[in-house]
Amino acid sequence: LSPVCLGSLRRAASINAEYMGDKDDNIITKAEDATREKAIKTFFDEYTSWMFEDQYEGEASGSNGSVDCDGENMDCYWYDWIINLKIGTMLFQADALKALVSIIFVYILLLIHIRSAFVAAFGMFQILCSFPTAWSLWKMFDIAYWDGLNMMAVFVVMGIGADDVFVFWDAWVQANQDLPGDESLVMKLSLAYKRASAAMLLTAVTTCVSFMATMFGPNTFQLNFGLWATLIILWDFLWSISLFPIGIILAERYWWLKGCLCCCDREGNCSCPPVWPLV
């Protein structure tokens, strides 16, 4: 260790020894507790800086992070739990940013097609609802292992969920075109259900079967991802036929939810009158 890390380690060890002695005597105070946590955090931060920045990055001679091995015909790499944690955090942050970009991009596509900020937001909301519900089912069956590859399912469900929204929305538009204008909302929604549900069910079943096929592979991460993706797609279908129509009904009931919501002046005069459905 570097001299700085050794100094921090000695201080943390000394404070921790005194802390454990006071703990046995049941005379721990909040100040002592805070001092111990601060000392341990200081050592952890300095050790992280030394191991990752000075050793892993500073000593690396190759573009892939390898170091010289005294002339041997091999590549050597630094390994430490802190390096693993640091690289894992960096990869997670990069993937999370990509997922956020994917969500924004899909929402923009929904907004362009539907031309209603509220209904498009409701469609995105029902897609995102598939994650907590799938996770609840995952925990209900007490599946202990969770692989990091499962996070990639967000890109899969964004595409499939948007497809379901497009299919149901187009069926709703067609129902409004085929039925008289004074037809009841129930009849219009019923016709939209008949046209959309079969296609959405077929796509959901074929996708779930495809992911379930990956569960028969030899790798644990492959099985884990296939099961998680299947649950995600299943819940996305259920929310598409139950939650998304609620957004359409709300927009039908309240006219101010139908338009673009961005064409009004300060006095409240809107330049784009609501047109429903927008095609």
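Contact check for F216 versus L223: no side-chain heavy atoms found under the 4.5 Å cut-off. T206 places none of its side-chain heavy atoms less than 4.5 Å from the side chain of V209. In this structure, the side chains of V119 and F244 come closer than 4.5 Å at one or more pairs of heavy atoms. Counting heavy atoms from C-beta outward, L128 and I103 have side chains that approach closer than 4.5 Å. A heavy-atom distance below 4.5 Å is found between the side chains of L227 and I143. Side-chain atoms of I233 and V156, non-hydrogen and from C-beta on, do get closer than 4.5 Å to each other. Looking at L185 and R253, their side chains come closer than 4.5 Å, going by heavy atoms from C-beta outward. The closest side-chain heavy-atom distance from W172 to E252 is below 4.5 Å.
By the 6.0 Å contact criterion, CE on M215 is enclosed, its count of non-hydrogen atoms from other residues, nucleotides or ligands being greater than 12. No more than 12 heavy atoms of other residues, nucleotides or ligands sit less than 6.0 Å from atom CE of M151.
Grouping the Ile, Leu, Val, Met, Phe, Trp and Tyr side chains by contacts below 4.5 angstrom, directly or via other members, places F105 apart from L100. Cluster annotation: W169 is not connected to L179 through the hydrophobic network of ILVMFWY side chains, with a link wherever side-chain heavy atoms come within less than 4.5 Å. Residues F221 and M152 are members of one and the same hydrophobic cluster, defined by side-chain heavy-atom contacts under 4.5 angstrom among Ile, Leu, Val, Met, Phe, Trp and Tyr. L191 and I249 are assigned to two separate hydrophobic clusters, defined by single-linkage of ILVMFWY side chains at heavy-atom distances under 4.5 Å.
Considering only residues two or more places apart in sequence or on other chains, V106 meets the side chain to side chain contact (heavy atoms under 4.5 Å, CB included) condition with S102, L110, M124, M158, A162. Residues that satisfy the side chain to side chain contact (heavy atoms under 4.5 Å, CB included) test with A99, not counting sequence neighbours, are V154, F155. Partners of S190 under the side-chain hydrogen bond (donor to acceptor under 3.5 Å, both in side chains) rule, at least two apart in sequence or in another chain, do not exist in this structure. Remark: I108 pairs with I104, I112 by the side chain to side chain contact (heavy atoms under 4.5 Å, CB included) rule, at least two apart or across chains. Scanning for side-chain hydrogen bond (donor to acceptor under 3.5 Å, both in side chains) contacts around D170 gives H113, with sequence neighbours left out. In this structure L137 satisfies the side chain to side chain contact (heavy atoms under 4.5 Å, CB included) test together with M140, F141, L231, W235, sequence neighbours excluded.
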**Prompt:** Between I248 and F122, is a side chain to side chain contact (heavy atoms under 4.5 Å, CB included) present by the stated rule, with each step listed?
**Reply:** CA-CA 9 Å; I248 295 179; F122 218 92; over 6 Å; no

**Item:** Working for side chain to side chain contact (heavy atoms under 4.5 Å, CB included), residues I160 and T207
**Value:** CA-CA 9 Å; I160 297 175; T207 306; 3.4 Å; yes

**Message:** Please evaluate residues W239 and T133 with respect to the criterion side chain to side chain contact (heavy atoms under 4.5 Å, CB included), reporting the C-alpha separation (whole Å), side-chain torsions for both, the decisive distance (0.1 Å), and the verdict.
**Reply:** CA-CA 10 Å; W239 289 129; T133 48; 3.3 Å; yes

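Other members of the cluster containing V186 do not exist, because no ILVMFWY side chain is joined to it at under 4.5 Å. Connectivity analysis of hydrophobic side chains (ILVMFWY, heavy atoms under 4.5 Å, direct or indirect) links L97 to nothing; its cluster partners are none.
Across all non-hydrogen atoms, the minimal contact from P132 to C129 is CD-O, 3.3 Å. A192 and A175 make their closest contact through N-CB, 4.1 Å (heavy atoms, listed as atom of the first residue, atom of the second, distance). Closest heavy-atom contact between A120 and I114: CA-CD1, 4.2 Å. Residues G161 and I127 approach most closely at C-CD1, 3.5 Å, considering heavy atoms. Residues A171 and A196 approach most closely at CB-CB, 3.7 Å, considering heavy atoms.
At distances below 3.5 Å, not a single donor-acceptor pair connects side-chain atoms of S130 with backbone N or O atoms of Q126. Panel note: side chain T214, backbone S210; no donor-acceptor pair is recorded below 3.5 Å.
Screening residues 136-155 for side-chain hydrogen bond (donor to acceptor under 3.5 Å, both in side chains), with sequence neighbours left out, gives Y145-D147, N150-N224. Evaluation of the ring pair (Phe, Tyr, Trp, His ring centres under 6.0 Å) test over residues 180-215, restricted to residues two or more places apart or in two chains, returns F168-Y193, F211-F225. Residue pairs meeting the salt bridge (Lys or Arg N to Asp or Glu O under 4.0 Å) criterion with at least one member in residues 191-216, sequence neighbours excluded: D178-R195.
Distance SG/C208 to CD1/I232: 10.5 Å, rounded to 0.5 Å. For the atom pair CG (L202) and OG (S197), the distance works out to 11.5 Å, reported to the nearest 0.5 Å.
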